[in-house]
Every structure is written in C-alpha cells, then in structure tokens.
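What follows is a short report on a single structure.
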Amino acid sequence: MKQITWKACSALIHQCLFPQIMPGSSAAVMRHPNANASLSDTREQTMLITVDRADVTHLRQVIMQSCGSSVNLMRLSPLDHARRMQLRLSVPLFAISTLIDAVMSALPQAEFGLPGTAH
C-alpha cells in the first residue's frame, strides 16, 4: 500500500476545501497583506479545525507561529463532552495553504472543515 505523506494530504485538503484559491496549484505563497496584495488576497475564509482536547495548546502555538498576524478571529468550542475541541478561524485566503501545511505537519490527526458542513 502506498503511503501518503502529510504534504500530499495537506495539498488534497486544500484543494477540496478551497478550490477557488489558486486552482492549478496546491501551495500558495504566503505574502504580507501590505505587499501589493490584490483584492482576492485580502478576502477571508472561515475554517474549522478539530483536535483532541490535549492538542489544543499545540494547535494554537502552530497557528500563531505559522500565520498568527494574519488570523483575525479564533473561537474555541467543545465537542463530544469536551473530549475534542473545534477551533473556528477567520484567515485571509493567501494564508490558508501555509496554515494547513503547518497544522498537518504538527498535528496529522487534525480535521479540517468549513462552517455549515458535516464534520
């Protein structure tokens, strides 16, 4: 059986969740929002990341290290009697690939989703 590396998984997750962002590419380059960003780069997407309760602190550290200045909203909600936690993020489109790659490498068991979808 062929093993899939986290990089391949993160690219697939990115393409499935956010096909409107750089449709031909699986890796967006993270740029500073003030560096000639187009209007499409400054739009935001709300995404959900679900992890076990024990991984919440590590998840927040990974997010802040990878693109902390770009994240505009973080909201933590308990799931399954607080055994799992769901983090709701508002992230600029240009930072999504960087965020997914960082979380997938640090926490491969993390689940990604969009608001309003079955998780």
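Everything numeric here is computed off the predicted structure, so don't read it as measured data. One-based numbering along the sequence shown. Only heavy atoms go into these numbers, but all of them, side chains included; no hydrogens, no water, no symmetry mates.
Using a 4.5 Å cut-off on side-chain heavy atoms (C-beta onward), V56 and L59 make no contact. In this structure, T46 and L114 have side chains that are not in contact, with every pair of non-hydrogen atoms separated by 4.5 Å or more. The side-chain heavy atoms of M85 and D55, taken from C-beta on, include no pair separated by under 4.5 Å. Considering only heavy atoms from C-beta on, R43 comes within 4.5 Å of L93 through its side chain. No side-chain heavy atom of F112 sits under 4.5 Å from any side-chain heavy atom of L48.
Under the side-chain hydrogen bond (donor to acceptor under 3.5 Å, both in side chains) criterion, S77 pairs with no residue, sequence neighbours left out. Residues passing the side chain to side chain contact (heavy atoms under 4.5 Å, CB included) test with Q65, sequence neighbours excluded: none. With sequence neighbours left out, M74 forms a side chain to side chain contact (heavy atoms under 4.5 Å, CB included) with R60, I63, M64, V71, L87, L89.
Counting all heavy atoms, side chain and backbone alike, P92 lies closest to S70 at CD-O, 3.0 Å. Smallest separation of non-hydrogen atoms from T98 and S66: CG2-O, 4.0 Å.
Q45 CD to L99 CG: the interatomic distance, rounded to the nearest 0.5 Å, is 12.0 Å. Rounding to the nearest 0.5 Å places CG of D52 at 8.5 Å from CD of E111.
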Legend entry - Test side-chain contact (heavy atoms from CB on, under 4.5 Å) applied to H58 and V51, step by step: CA-CA 10 Å; H58 190 205; V51 295; over 6 Å; no

Decide side-chain contact (heavy atoms from CB on, under 4.5 Å) for M47 and I100; before the verdict, give the C-alpha distance in whole Å, the side-chain angles of both, and the deciding distance to 0.1 Å. CA-CA 10 Å; M47 63 186 298; I100 290 174; 4.0 Å; yes

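Within the structure, salt bridge (charged side-chain N to carboxylate O under 4.0 Å, His left out) contacts touching residues 66-82 (residues at least two apart or in different chains) are D80-R84.
V103 and L79 are assigned to two separate hydrophobic clusters, defined by single-linkage of ILVMFWY side chains at heavy-atom distances under 4.5 Å.
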